Amino acid sequence: MANLKIIKKRIASVKSTQQITKAMKMVAAAKLRRAQDAAVAARPYAQKLQKVVAHLAQREGSEEHPFLCSRGKERALVLLLTADRGLCGGFNANPSKEAERFIRKNEEGYANIDLMIIGRKGRDFLKNRVGDKITKVYEDITGVVNFKTAQLIAEEIVSMYEEDTYDAVYLIYNAFQSAVVQHVTVEQLLPVQADEVDKKAADSVDYIYEPNRGEVLEQILPKMVEVQLFRSLLESYASEQGARMSAMDSASRNASEMIGKLTLQYNRARQAAITKELMEIISGAESVK
Amino acid sequence: MAEKLKLEMVTPYKQVLSEEVDELTLPGLIGELGILPGHTPLLTTLRVGEMSYKKGGQQYHVAVNWGYVEIDEDAITVLVDTAEKSDEIDLARAKAALGRAEEALKTMSQEDKSYAVMEAALQRAMIRIQVAGKAR
């Protein structure tokens, strides 16, 4: 009988866990939809800006602006985007591992690599591995992605770049592909990469620049960094919700499976107990005869 | 006028406008810009100000924040941080923001770090009120 009770207790516990994972899945699905919409809505702006920068960069001659020319390889900054919360499969571990790999790989190339992390989980993961490289951690900003946040972080990065604190800035994040597929992506944030230029488009038009080209470039390039960061924040957030949704989905499924197995076990044990009881009664009756 | 301008206006959050318009006035960095079909390709930054466009005899107004505009063969792309159409503006909020900015500016000196920030906020609020006043 003791066995029966234990199994029953376990079934109840798995059931309540399943309730939680189911609820989390539902919440993630709802958030995913919103995050996905936001990511899609931000796309035209980023694309248009990229196009214009590509135009500009090609004409500019890459030596003219510090944001466009690559400098020496002295100090680099790696910006890692993760989430503040766990329970989302490999969402936090994958880019964190990538960041670690990136640092190890480039340790010889760069004299110094610093790590800036957005999200608590990334810090937790890397604290004991490359803790000495972490210079700054932002927490609690991934939940509400707005342009202002991206702007502030971008401003900080840009000013560090301008002051020659860093020669290059890289960005590592989960690019959103679909609800179940996320790719860890390494992007170069600074100097601005202009090689994704649509060459034909750039050649076709000769613009008038007002007030002048340098001035326009001066204003647009920092904006480019902001937008790129904003977009990756949105994508990372959408990826997080997608990853959590699929992780919770498989957790719920595993729980169902477990409940099935336990129920079977429970029924078997119950049957065995009944049989045993019957046997006892029959043999007791026999002996009275 | 047979020809039309294809106006697209985007903010980081969404596409605000995608319309065919007859003419367009923009707050360029060094002055107001009027644009008619057949304009030369032009790229310029915008300041905080009021953008207006005419479509089918109707005049529309939009308050815009920092941004820039690309004019290319009658296709106009306006990229701005924020854009609010005249009928979307919350006048009470704008007035409150104006009051706050004025208050803050009174106590600050010109050298203050946030002076420029507050001044920009003041300007934004003023533009917003101005544009809201033109709502139909």
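Model, not experiment: these values are computed from the prediction. Naming convention: chains lettered A, B, ... in sequence-line order (proteins, then strands); numbering from 1 in each chain. Side chains included, hydrogens not; waters and symmetry mates left out as well; all remaining heavy atoms used.
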- Task: First locate atom OH of Y45(A), then atom CD of E8(B), and finally report the distance between them rounded to the nearest 0.5 Å.
- Result: 14.0 Å
- Note on the structure: Of the listed I220(A), D37(A), V227(A), L234(A), the one with the largest count of heavy-atom pairs under 4.5 Å with chain B is I220(A)
- Item | Over 12 non-hydrogen atoms of neighbours within 6.0 angstrom of NZ in K14(B) | no
- Examine whether an atom of L43(B) lies under 4.5 Å from a heavy atom of chain A, and if so say whether it belongs to the side chain, the backbone or both; otherwise answer neither. both
- NZ (K223(A)) with more than 12 external heavy atoms under 6.0 Å: yes
- Task: For atom CZ of R75(A), decide whether the heavy atoms of other residues, nucleotides or ligands shown that lie under 6.0 angstrom number more than 12.
- Result: yes
- Look at the side chain of Y13(B) and the backbone N and O of F147(A), then say whether any donor-acceptor pair between them is shorter than 3.5 Å. yes
- Is the shortest distance from a Lys or Arg side-chain nitrogen in K48(A) or E70(B) to a carboxylate oxygen in the other one below 4.0 Å? no
- Query: Does CE in M160(A) sit with more than 12 non-hydrogen atoms of other residues, nucleotides or ligands closer than 6.0 Å?
  - Reply: yes
- Message: Could you report the tightest heavy-atom contact between L79(B) and L49(A), atom names first, then the distance?
- Response: CD2-N, 3.9 Å
- Task: Measure the shortest side-chain to side-chain distance between D81(B) and Q151(A) over non-hydrogen atoms and say whether it is less than 4.5 angstrom.
- Result: yes
- Item | Structural part of T77(B) lying under 4.5 Å from a heavy atom of chain A | side chain
- Item | Interchain contact, V69(B) with chain A, by part (heavy-atom threshold 4.5 Å) | neither
